[in-house]
Amino acid sequence: MPEELEKILKENQAIAIKINGEIKDLSYVSYLNGDEEIEIISPQTKEGLEILRHSVAHIMAHAVKDLFPDVKVTIGPAIEDGFYYDFDKDTPFTEEDLQKIEKRMHEIIKLKQPFIRKEISKDEAIKLFEALGESYKVEILNEIKDEKVSIYEEGGFIDLCRGPHIPHTGMVKAFKLLSVAGAYWKGDERNKMLQRIYGTAFPTKEELQDYLNFLEEVKKRDHRRLGKQLRIFEISEEVGPGLIIWLPNGAIIRKTIEDFWKDEHLKAGYQLLYTPHIAKLDLWKKSGHLDFYRENMYSPMDIDEISYQLKPMNCPFHIQVYKSELRSYRDLPLRFAELGTVYRYERSGVLHGLLRVRGFTQDDAHIFCTEEQLEEEIQKVLDFTLFILSTFGFNLYDIYISTRPEKYVGSIENWERATSALKEALKKRDLPYQIDPGEGVFYGPKIDIKIKDALNRSWQCSTIQVDFNIPERFEITYRGKDGKEHRPIMIHRALMGSLERFIGILIEHYAGAFPLWLAPVQVEIMSISEKHVDYATKIYNQLRSNGFRVKLNIENEKIGYKIRQASMNKIPYMVIVGEKEVEKNAITVRKRDGKNLELIKIEEFIESLNDEIINRK
RNA sequence: GCCGGGAUAGCUCAGCGGUAGAGCAGUCGAUUCGUAAUCGACUGGUCGUGGGUUCAAAUCCCAUUCCCGGCUCCA
């Protein structure tokens, strides 16, 4: 064994080893003969962390079996931020159970029980787990094709597992059980509901603490909490679940975003539309929505004995706009944009603040173009999307191409042509992407862009979808150079996705502290005492007449109290006026973060505000 | 939709069989104040909704609506 390797092992920095590219238990070291390519896996690496967490999941299952012998174990993988294990238990785990399990886990860890790997035949394994009463493991075994399987034993607890694992339980330095939840066996809602325990583990206590702090930060930024605190939106039980009521502060934010969106769309060669919220049921039959989207649509309503349907999408209306005139190839591409409010049925358990609602406004557009124009149009949409997103400070993305789902319309050939157009456009823009197989919409493949927010969390907003099918269903055409009728291709796209979700994400991204151009109140004027009310009012009027959103606070309160109120409302600028300011005919500006106190002339302040707003800083 | 937890004043929450509470907010009064909470008084609740058990229910039981954490599904 190389000296360096021996040293690392001694210092307990290794938890697994890669031999000729294959991850193995550390115990494989004793079989090495020296000519293998090896790599030490420490818990700091992605692979190492996964092994650590998976091992902690085993230890948790061990603890659960010790405390609740009747419970059956199922599966327990490592996940993005930790691990979970699903158990079949008649009554759910309680908070107290979690504490007991943690305690038992600490005991197991202290014993430094080795993880021992054994390879046995599948039949042997089935017999073993049958004897242990672990029917879920037997079910898994029956689905495994290999003749040999591996099991791991640690302190008497045996689990079917591919491995690898940490050498012994004592290597777990920092873990915490986080929550309990119901989860279906194999993720299928027709199966039995199991009891899942979520937990996490890290190489060190500090890293665990950092993660717990992150969870706290996430809680603090929760848009539902901030939305209430900052009076941005409300969901009323009296109105109905998943239906958003924009309060004045939220309405201003939304209006500002809408204005920006419309202006930029006009600049980018789009034409703006408004279309109705309902349409005859027959329209939805023709579009294919009734066949392929029915479960998300509300029941139709009767008007003069004809069925009408609340719209779940805007596309059929935009098709009507296309059809309102004869189109020539000279007209294409045609770009129709609308902030279109749609209604979709969402199961009650999935609703979530602004992020998942039943009525929402898509920043929708449909581009009609020729086959030759398709790729360039997609590139333009990509550029436009990234411009809009970067305005809000989103500069990191994960891009996915979703391919044909099980339920689809149109020919496979068309699907493939559309998919390759999407790939080609991303390639030309040097944008790396991943494939999300089978996740396309029923009418075509799509590019989804997931943005990373200030906490590095991913959110799906933008979507660009090619559609060969709806143009066909509505038989829309254009007259080509050759004088013949041709069928245009349609691109559906939404950049922010929906205003509701996007603003929800913005609240969390900015932690409620909106940049000046979006802030509901941009400047709050506060007087030191009653003597300065007139001057404060004068400043207020001056700022207001210059188009700023200003609040005047001339209450009989101490300045400290007023500053506290404004800070809690996350107002970008506070203007403080007292004796000094009146005398010098100036103002003192305090930024939201408490820095940059300065006495300046009002004209100078107005100039800097305008600069900040125009540049959307 | 499924599993579990919850709903008490505008907000945050305590009370968990025996007369509905606190802080903040609001109103009124005093204070006239220089960078994150001045003091006092007052107001405010059919304890989510509907049934039931009990001498007595915010509290226990059942149903229901909505919310929360997950699962499944998604802009």
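Basis for what follows: all heavy atoms, side chains included, without hydrogens, waters or symmetry-related copies. Reminder, nothing fancy here: chain letters follow the sequence lines and each chain counts from 1.
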Asker: Among B/rA75, B/rG1, B/rU35, find the nucleotide with the atom closest to the side chain of A/Arg347.
Answerer: B/rG1
Asker: Once you apply a heavy-atom cut-off of 4.0 Å, does A/Gly578 come out as touching a base, just sugar-phosphate, or nothing?
Answerer: base
Asker: Is the positively charged end of A/Lys89 above the ring of A/Phe68, judged by distance under 6.0 angstrom from the centroid and angle within 45° of the axis?
Answerer: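 Pair A/Lys89/A/Phe68 counts as cation-pi.
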Asker: Under 4.0 Å from OP1 or OP2 of B/rA36: is there any side-chain N or O of A/Arg590 that close?
Answerer: yes
Asker: For the side chain of A/Ala183, counting heavy atoms from C-beta on, which of B/rC71, B/rA36, B/rG1 is nearest?
Answerer: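 Closest nucleotide among those given: B/rC71.
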Asker: Where the side chain of A/Pro92 is concerned, which of B/rG4, B/rC66, B/rC73 is the nearest nucleotide?
Answerer: B/rG4
Asker: What integer distance in Å separates A/Tyr561:OH from B/rC39:P?
Answerer: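 Atom OH in A/Tyr561 sits about 11 Å away from atom P in B/rC39.
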Asker: State whether a side-chain donor-acceptor pair under 3.5 Å links A/Lys72 with A/Thr74.
Answerer: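 Side-chain D/A pair, A/Lys72 to A/Thr74: absent.
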Asker: Are A/Arg564 and B/rA25 close enough that a side-chain N or O sits under 4.0 Å from OP1 or OP2?
Answerer: no
Asker: So what does A/Glu234 touch, heavy atoms closer than 4.0 Å: a base, only the sugar-phosphate, or nothing?
Answerer: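 Counting heavy atoms under 4.0 Å across all strands, no contact is made by A/Glu234.
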Asker: In terms of the nearest nucleotide of RNA chain B, which residue is placed more toward the 5' end: A/His532 or A/Gln195?
Answerer: A/Gln195
Asker: Provide, to the nearest angstrom, the distance between the NZ atom belonging to A/Lys562 and the C1' atom belonging to B/rA37.
Answerer: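 About 14 Å, once rounded to whole Å.
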Asker: Which nucleotide in the list B/rA36, B/rG1, B/rC74 gets nearest to the side chain of A/Glu439?
Answerer: B/rC74
Asker: Is the distance from the ring center of A/Tyr198 to that of A/Tyr84 below 6.0 Å?
Answerer: yes
Asker: OP1 or OP2 of B/rC68 less than 4.0 angstrom from a side-chain nitrogen or oxygen of A/Arg224, does that happen here?
Answerer: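 Affirmative; the distance criterion is met.
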Asker: When you check the phosphate oxygens OP1 and OP2 of B/rA36, does a side-chain N or O of A/Lys558 lie under 4.0 Å from one of them?
Answerer: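 Result: no.
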Asker: Is the base of B/rA75 touched by the side chain of A/Glu346 through a donor-acceptor pair closer than 3.5 angstrom?
Answerer: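 Check passes, donor-acceptor contact within cut-off.
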Asker: Name the nucleic acid region contacted by A/Gly182, choosing base, sugar-phosphate or nothing; use a 4.0 angstrom heavy-atom cut-off, strictly under.
Answerer: base
Asker: Has A/Tyr198 got its ring stacked on the base of B/rG70, with centres under 5.5 Å and planes less than 30° apart?
Answerer: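 Aromatic stack with B/rG70 absent for A/Tyr198.
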Asker: Looking only at side-chain N and O atoms, does A/Lys446 come under 4.0 Å of OP1 or OP2 in B/rA75?
Answerer: yes
Asker: Hey, are A/Arg254 and A/Glu258 close enough for a salt bridge, meaning a charged N less than 4.0 Å from a carboxylate O?
Answerer: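 A salt bridge is present here (some side-chain N lies under 4.0 Å from a carboxylate O).
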Asker: Reading RNA chain B from 5' onward, which residue's closest nucleotide shows up sooner: A/Ser179 or A/Gly560?
Answerer: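 Nearest-nucleotide comparison on RNA chain B picks A/Gly560.
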Asker: Pick base, sugar-phosphate or nothing for A/Glu237, based on heavy-atom distances below 4.0 Å to the nucleic acid.
Answerer: base
Asker: Out of B/rA36, B/rG69, B/rG34, which nucleotide sits closest to the side chain of A/Lys580?
Answerer: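 Taking heavy atoms from C-beta onward, the closest nucleotide is B/rG34.
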Asker: Across all strands shown, which nucleotide pairs with B/rG26 by Watson-Crick or G-U wobble geometry, both distances under 3.5 Å?
Answerer: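 Check on B/rG26: paired to B/rC42, both distances under 3.5 Å.
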Asker: For the pair A/His366 and A/His318, name the ring-plane relationship: parallel under 30°, tilted 30 to 60°, perpendicular over 60°.
Answerer: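 Rings of A/His366 and A/His318: perpendicular, over 60°.
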Asker: With respect to the side chain of A/Thr588, which nucleotide from B/rU12, B/rU35, B/rG70 is positioned closest?
Answerer: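 Selected nucleotide (nearest to the side chain): B/rU35.
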Asker: For the side chain of A/Ile559, starting at C-beta, report the closest nucleotide among B/rA36, B/rU35, B/rG1.
Answerer: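 Within the option list, the nearest is B/rU35.
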Asker: Please check the phosphate of B/rA75 (OP1 and OP2 only) for any side-chain N or O of A/Thr463 closer than 4.0 Å.
Answerer: no
Asker: Are A/Arg224 and A/Asp222 close enough for a salt bridge, meaning some N to O gap below 4.0 Å?
Answerer: yes
Asker: Would one find a side-chain N or O of A/Gln460 under 4.0 angstrom from OP1 or OP2 of B/rA75?
Answerer: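 Looking at the OP1 and OP2 atoms of B/rA75, one of them is under 4.0 Å from a side-chain N or O of A/Gln460.
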